[in-house]
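To start, the structure itself, in structure tokens.
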Amino acid sequence: MEPNRVALPLHGTLPSPSSAWIVALASAVVLAWGPARAAEPAAGPTRQYAPDRDFDLLHLLLDVTPDFERRTIAGAATLRLQPNTRPLREVRLDAVDLNIQSVSATAPVQAWQSTTNQLVVTFEQPLPPDRETTVTIVYSAEPREGLYFRTPEMGYREGETHLFTQGESITARNWYPCFDSPNERFTSEIVCRVPEGMVAFANGRLVSREPEAGTGRVAFRWLQDKPHASYLISLVAGHFRSIEDRYRDVPLAFHVLPSEIDQAPNSFRGTRDMMAFFEEEIGVPYPWAKYDQICVNDFVAGGMENTSITTLTDGTLFTADTENLEDSEGLVSHELVHQWFGDLVTCKDWSHVWLNEGFATYYETWWLGHRHGRDHLRYELLGRLRNLTGNAGDTRPIVRRTFQSPDEMFDHLTYPKASWVLHMLRCQLGDDLYRRCIRTYLERHQLGTVVTEDLNGVLEELSGRSWDQFFDQWVYHGGYPDLEASYHWDETQKLATVSITQRQPVNDQVLLFRLPLTLRFKSKTATVDRPVVLSRSTEEFQVPLPAAPEIVRIDPELTVLAKVRFVLPLPMIRAQLADVDDVVGRLLAVEVLSGRKDRESVNELRRVLNEDAFYGVRLEASRALRSIHSEDALEALLASRAQADARVRRQVIEDLGGFYREAAFQALRESLEREKNPGIQAVALAALAGFGKAEVRDLLIRFLDSTSYHNLLAEAAIRGCRQQDDPALVQPLLDNLRRREKDYTTGGFISGLEGLAYLARNDEQKDAVREFLLAQLEQKKRAVPPAAIRALGTLGDERAIGPLQKFASGGKPSPEREAAQRAVAQLRATRKPVDDFKNLRNEVLDLQKTDRELRQELDDLKKKLEALPPKPPGKPAKKSGSR
Ligand SMILES: [Zn+2]
């Protein structure tokens, strides 16, 4: 699974494109994990283990007829199974909120009962272990999870009705009775009966597509003839349009809602090359009959790797006018890699899910490196390293057993940290041996389940080395090495000394690390690499050299997940910045210079921003200039706007937004008008919103009504309105949301509700906004009512307490109930003695007014000042290296 690729809640300053796509799972499911063979959900986090397999599930036949108007399904699940070892009187299946109508079997059934989370079938006689039994369950369901409808009645586009399922981690049980744990595999056959004109997709190959007599429906029958786990079952049905391709004998297809067909090729394009690359890299052929990718509305994650059929968020689609700002490569390659790691071999239980996600994340990076070059690979790895090593407080291990819901396991440890662990393995084994190990691991465990020790076993067997310490420190314990290093040169002895201390607190959670790494000494004439192994808390390494080095680097090839603080003299940093062979060294040098204010450093950064060969270094130089924040830095940014690479151009605009200066304002204004790339226009608009000028207000209102793909520019205007925090924007935004609701994505509309409440929070008269937000509580789009409830909390109108109470005291736990409880508490807490509150509000309003007036005066003064002395001729012109 790939979580929604949204803003990174973690630390660090270098979110490279895909490292920024960390966990934002749909709200956690409050369910005990695994088929709760023991009774009810536990109260708090308990240790979790794979459940017993009382029987071997051989085959599932699932026959589903959706009713799109009522958003229900009628189903029949037929399970062929055989007891494992012991005779079995009872068969227990996971089933939540299924209305079971009948249970029949090839052996006499004594009785069946539905509990809150299981279906228990009791047979008259124990089923013997040597015989197969077939059980058929007829049921209906109106699933709240696991299967999701998208229909016009819910506010989705006409002509684009569809449904999709999502099994991982444990939601399959909400739409069919199953053994809902990854440690059981079975073949599957899915029949879906849909109205004529619709299509249905599922795992495996299409066996038949037949019109039904008299119903107006068409039955699609799909067969997955290789065994897979329950969470990998997928059904997607509705109105779709498709484009197709082929890799060898594997049919590839990309399906989108009809209105998105023009965008489909942009995201689909790389799939065939990726498949070829992964087959070569992994050494095992693509294991399934076909590969479908389907984009759906408001998917619950970023992507999901069901066997042979991946579901993707439609948020991954993009238009060509965004140049290279957007792509689907990371997401598409991540899900494709899962077809091997996760699908062909599957973690036995969720505590080992890093064996799915770590590989998917690592090979995604490897693909990007293959496609865009070695510098890109390193930039990705460094981005992740910086994020991970900004998280010192988290000392949990990658493999852990204590959690309430397995959804909690899908976090930065399971994704980027695990990918880094694999990278370290690769670095220590070398490419060839690493690939041989991974191939053996896959071949040995294909169509089966794995735990961490299965990987360890293969590594040990093929390399002859013990990896126990490696796994102990990186996988079964938490944290990372926090290294503090110093360098000293002894000219008389011609001796370089590097001292390294491990500063991480060493305790039960975090070990003292054993780390192989390389020290590199570079001079004009030679490069000396000295491999060393750290294993004590402080170590000193002495290296004789022919002459003093110009550059000293620790782990120059980026082979170790460690935070390294290495203070060097400035000339060495400058030499590092000029080293064309060392992208990581240049990125680290930029980071050092970002903490300086001297003119020479600013000039260096300006040169780098316009001339460095790698876009990531240019982009970081722009950020560094912003953080320096001097007049020179501003001038350097102003002179560097004409960047050919859209990613750098966008960064410069964003960083100009960090300056509250008239020149920055004018530059942003200019770029907004001149720029054709909507991704950059959006950033310029957001940057302008930081300026308190009437002109900006007009701009925001104009862009609220603009037309763009997925209404992204209007969404940027909403963010801008919020930043302006000008009550005069309440009415235009309210009108806009009323008129244009359908043009926004669900996320965009929600940010509109939140922005509206925020802007109106100090208004005397909140009735119109309150009523509008209350009306949203009726919405059928799942995410809107909780968002409206949160917005009512922000609005701070106590007259909303009454209606919110109805949600706050509702029966089952739900996002609405949780949001309402918070909002009511928020509203009660802000309820102050009336006079105090009024006084406070008036004060704030007065202050805001004064602030606006002061800003206006300041701007006027600046204008006057700028108008006065004509600029002397010969001011530095734009660098000729940029365009
Ligand atoms: Zn994944």
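Numbering of ligands and ligand atoms starts at 1, following listing order.
Here the closest heavy-atom approach between residue Pro285 and residue Trp340 is recorded as O-NE1, 3.4 Å.
The N, O or S atom of Glu357 lying closest to the Zn ion (ligand 1) is OE1. Among heteroatoms of the N, O or S kind in His334, NE2 lies nearest the Zn ion (ligand 1).
A salt bridge does not link Arg371 with Asp273: every distance from a Lys NZ or Arg NE/NH1/NH2 to an Asp or Glu carboxylate oxygen is 4.0 Å or more.
Close placement of the Trp474 and Phe513 rings is indicated, their centers lying within 6.0 Å of each other.
Under 2.8 Å from the Zn ion (ligand 1) lies no N/O/S atom of Tyr415, from backbone or side chain alike.
The aromatic rings of Phe186 and His228 sit tilted relative to each other, their planes meeting at an angle between 30° and 60°.
Take the Zn ion (ligand 1) as the corner point: the lines to N of Met1 and to NE2 of His338 open at 80°, to the nearest 10 degrees.
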